[in-house]
Amino acid sequence: MPASSTAPVVVVGGGLAAARAVEAVREQDADVDLVVVTSEGHRPYERPPLSKDYLRGQAEPDVIYPLKAGWWDDHAIDLRTLTTVVDLAPADHEVTFADGSTLGYSRLLLATGSTPRALQVPGRSLIGVHTLRTVDDADLLAGLLLPASLEGEGKVVVVGDGWIGTEVAASARMLGLDVCLVGQTEHPLQATLGPELGSLYGRVHDERGVLRHRGDVVAFTGESGRVKGVELADGTHLEADLVVMGVGVTPNVGIASAAGIELRSRDLGGGIVVDGTLRTSAPDVFAAGDIASVPSPHYGRPLRVEHWAVAQDTGAHAGRAMLGDDAAYDVLPYFFSDQYDVGMEYKGFVDPRAGDTEVVISGSVDDRELVAFWLRDGEVQAGMAVNVWDRMDDVEELIRSRRQVPRAELEAFTG
Ligand SMILES: Cc1cc2nc3c(=O)[nH]c(=O)nc-3n(C[C@H](O)[C@H](O)[C@H](O)COP(=O)(O)OP(=O)(O)OC[C@H]3O[C@@H](n4cnc5c(N)ncnc54)[C@H](O)[C@@H]3O)c2cc1C
């Protein structure tokens, strides 16, 4: 029998999407019963600092929490940490936990985020081979990086030169460690930014003394169970005391999939299909954050974006929607990254691998103060500001205008 409408609103997840959803629910309704369930042993937190200042031991531990410790009790939230949902029965409006107990819900938000991928190569279980997703991962890694930094020795190999990989490489290098960065394309971040902007990041890392290698990792080698090196397909051997894999993540859609909830096809980015109010195909079940494939009115296609701001915005939107707000989600994707003294913000959506985009740059690549625009058929699809601040609203205006923006106007953007 379906749970009654007096059953609690249940949020599954311990990341930013969950935190913002809970906050939005409480802003609308001070009394509705609200249960938050997370596999982790922490109250919901955000992850960007984990590859940046937090990893370098330069941030206050509390920097990761969007909501203060007392907030949860003050707002009468039933927060259940170290609790994992293993099954969802939409027809019964019920979730089952790992210990076999069940909980009915009136409305349910899935904000289960992603799991880092690990290379399936020999030696992946050696001590010293890591991924980075949780604060526990970051604490463990920091506990290895910081002493090595104080002793002035330690060889770190970062496998994967996407955002996590490049940020971890930057942090390790800033701590004075020897760092090798292994990627599969000529430039770091090339899959996301294309060769023009990827090469900028390549130079930034080169100048800081990161040794970049291009190739496929075929094995991790070790002695006495501890990693000692990384083997590439071309025979290159890299010495390593510590390996961090940043080779992408997989959205946690297993519970939804097993419950028969509609998933998006891989060619459209995968994830859980939601409508503009973040409702899934199951009644009263919503999804937000990394796992949600959300229709974009502007781009006319669904987008599933694994970034902080999307977790924040879709989480808050889902929280309001669970209490009946029917507004359609229409926020352009946004993200940021900090590496050394290079800070960037990016707004919009484009896949440079599609090969149908043109890049126009305003400002100076050499000085690392620029705004790059990606255009398709003369219309701005996305913009990225590097060490240029407070221009994202202007970038958004250009994107939303859909007008044919003359090249000269874009080149003059930074003045
Ligand atoms: C190290 C790092 C640095 C990053 N830096 C940036 C950055 O600079 N800029 C940027 O835009 N983005 C960044 N990101 C990406 C951003 O953090 C993610 O997009 C964001 O965390 C997604 O939030 P979420 O709430 O959807 O999921 P998550 O943060 O992944 O949270 C999901 C939570 O759900 C829990 N969970 C999963 N399954 C279950 C279950 N069955 N039962 C109970 N709980 C469950 C998980 O344990 C986890 O706590 C970074 C990510 C990492 C890992």
Side-chain angles (χ1 to χ4, degrees), residues 10-22 35-56 64 66 79-88 95-99 103 108-117 130-139 141-142 158 160 162-168 170-171 192 244-246 248-259 271-272 278 287-294 304-316 318-319 333-339 343-347:
V10 175
V11 174
V12 184
L16 187 61
R20 291 302 179 215
V22 173
V35 181
V36 181
V37 181
T38 168
S39 303
E40 295 190 62
H42 310 272
R43 65 185 194 271
Y45 64 92
E46 59 186 32
R47 300 177 200 273
L50 304 183
S51 49
K52 307 179 184 72
D53 50 355
Y54 188 94
L55 186 62
R56 299 192 298 271
I64 60 172
L79 173 62
R80 304 184 188 181
T81 55
L82 297 173
T83 306
T84 298
V85 171
V86 293
D87 192 42
L88 160 61
V95 290
T96 302
F97 301 121
D99 67 0
L103 177 69
L108 176 76
L109 175 64
L110 297 175
T112 48
S114 305
T115 300
R117 289 189 204 117
H130 296 260
T131 54
L132 172 57
R133 182 74 194 177
T134 66
V135 65
D136 296 338
D137 296 335
D139 287 341
L141 273 175
V158 179
W163 293 113
I164 302 286
T166 51
E167 289 191 353
V168 170
S171 283
T192 327
V244 184
M245 288 183 280
V249 295
T250 304
N252 296 323
V253 297
I255 305 166
S257 171
I272 298 175
L278 304 181
D290 276 11
I291 57 171
S293 176
V294 189
R304 190 181 69 79
V305 180
E306 293 159 353
H307 283 305
W308 172 90
V310 177
Q312 163 141 297
D313 295 336
T314 56
Y334 164 90
F335 69 93
F336 64 92
S337 175
D338 295 314
Q339 301 181 27
M344 69 76 91
E345 295 182 284
Y346 181 107
K347 188 163 263 198

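When a ligand or atom number is given, it counts from 1 through the structure's own listing order. Only heavy atoms go into these numbers, but all of them, side chains included; no hydrogens, no water, no symmetry mates. Nothing fancy with the numbering, it's 1 onward along the sequence. Note that the coordinates shown come from a computational prediction; the quantities given were computed from them, not determined experimentally.
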Using a 4.0 Å heavy-atom threshold (strictly under), name the region of Val12 that reaches ligand 1: side chain, backbone, both or neither.
side chain

Proximal atoms of ligand 1 relative to Ala111 (non-hydrogen, under 4.0 Å):
32 (C), 33 (C), 34 (O)

Return the orientation label for the His42 and Tyr45 ring planes: parallel under 30°, perpendicular over 60°, tilted otherwise.
perpendicular

Student check: side-chain heavy atoms of Asp338 and Met344 closer than 4.5 Å:
no

Structural part of Phe336 in contact with ligand 1, heavy atom criterion under 4.0 angstrom:
both

Less than 4.5 Å apart, any side-chain heavy atom of Pro251 and any of Asp290?
no

Counting only nitrogen or oxygen atoms and a 3.5 angstrom limit, does Asn252 reach ligand 1?
no

Taking the non-hydrogen atoms of Glu167, is any one of them nearer than 4.0 angstrom to ligand 1?
yes

For Glu306, atoms of ligand 1 separated by under 4.0 Å from a heavy atom
15 (C), 19 (O)

Please determine whether any non-hydrogen atom of Thr83 lies less than 4.0 Å from an atom of ligand 1.
yes

Please identify which of these residues, Leu108, Val86, Asp87, meets the side chain to side chain contact (heavy atoms under 4.5 Å, CB included) condition with Val95.
Leu108

Side chains of Pro44 and Val36: closer than 4.5 Å at any heavy-atom pair?
yes

Quick check: does Ser51 get an N/O under 3.5 Å from an N/O on ligand 1?
no

With the side chain counted from C-beta on, respond yes when Asp137 and Leu50 share a heavy-atom pair under 4.5 Å apart, and no when they do not.
no

Geometric class of the His307/Phe335 ring pair [parallel <30°, tilted 30-60°, perpendicular >60°]:
parallel

Would you say Thr112's side chain and Asn252's backbone share a donor-acceptor pair under 3.5 angstrom?
yes

Could you list which atoms of ligand 1 come closer than 4.0 Å to a heavy atom of Gly289?
26 (O)

Please tell me if the side chains of Leu88 and Val12 come closer than 4.5 Å, counting only heavy atoms from C-beta onward.
no

Interfacing atoms of ligand 1 (cut-off 4.0 Å, heavy-atom, Phe335)
11 (O)

For atom 2 (C) of ligand 1, the protein heavy atom that lies nearest, with its residue and separation:
Ile164 CD1, 3.2 Å

Specify the protein heavy atom at minimum distance from atom 35 (C) of ligand 1: its residue, its atom name, and the distance to 0.1 Å.
Gly14 N, 3.8 Å

Out of Ala98, Gly113, Ser114, indicate the one that has the non-hydrogen atom closest to atom 27 (O) of ligand 1.
Gly113

Identity and separation of the nearest protein heavy atom to atom 16 (C) of ligand 1
Trp308 N, 3.8 Å

With the threshold set at under 4.0 angstrom, would you say Lys52 reaches ligand 1 through any of its heavy atoms?
yes

Which ligand 1 atoms, with their elements, are less than 4.0 angstrom from a heavy-atom of Glu40?
46 (C), 47 (O), 48 (C), 49 (O)

Identify the closest protein heavy atom to atom 37 (C) of ligand 1: which residue and atom is it, and at what distance?
Thr112 O, 3.2 Å

Single hit among Val11, Val85, Leu79 for side chain to side chain contact (heavy atoms under 4.5 Å, CB included) with Val37:
Val85

Do me a favour and list the nearest non-hydrogen protein atom to atom 30 (O) of ligand 1 with residue, atom name and distance?
Arg133 NH2, 2.7 Å

Sub-4.0 Å atoms of ligand 1 with respect to non-hydrogen atoms of Leu132:
1 (C), 53 (C)

Measure the shortest side-chain to side-chain distance between Trp163 and Ser51 over non-hydrogen atoms and say whether it is less than 4.5 angstrom.
no

Is there side-chain contact between Met245 and Pro116, with heavy atoms separated by less than 4.5 Å?
no

Quick one: does Ser257's side chain have a donor or acceptor within less than 3.5 Å of a partner on Ile255's backbone?
no

Among all protein non-hydrogen atoms, which one is nearest to atom 4 (C) of ligand 1, and what is the separation to 0.1 Å?
Pro48 CA, 3.6 Å

Under a 4.5 Å cut-off applied to non-hydrogen side-chain atoms, are Arg80 and Leu103 in contact?
yes

Ligand 1 atoms in contact with Ile255 (distance to a heavy atom under 4.0 Å)
41 (N)

Do any nitrogen or oxygen atoms of Leu50 lie less than 3.5 angstrom from nitrogen or oxygen atoms of ligand 1?
no

Identity and separation of the nearest protein heavy atom to atom 29 (O) of ligand 1:
Arg47 NE, 2.5 Å

Nearest heavy-atom contact between Trp308 and Pro48 is CD1-CG, 3.3 Å

Which is it for Ala311 and ligand 1 at heavy atoms under 4.0 Å: side chain, backbone, both or neither?
side chain

Look at atom 45 (C) of ligand 1 and say which protein heavy atom is nearest, naming residue and atom and giving the distance to 0.1 Å.
Ser39 OG, 3.2 Å

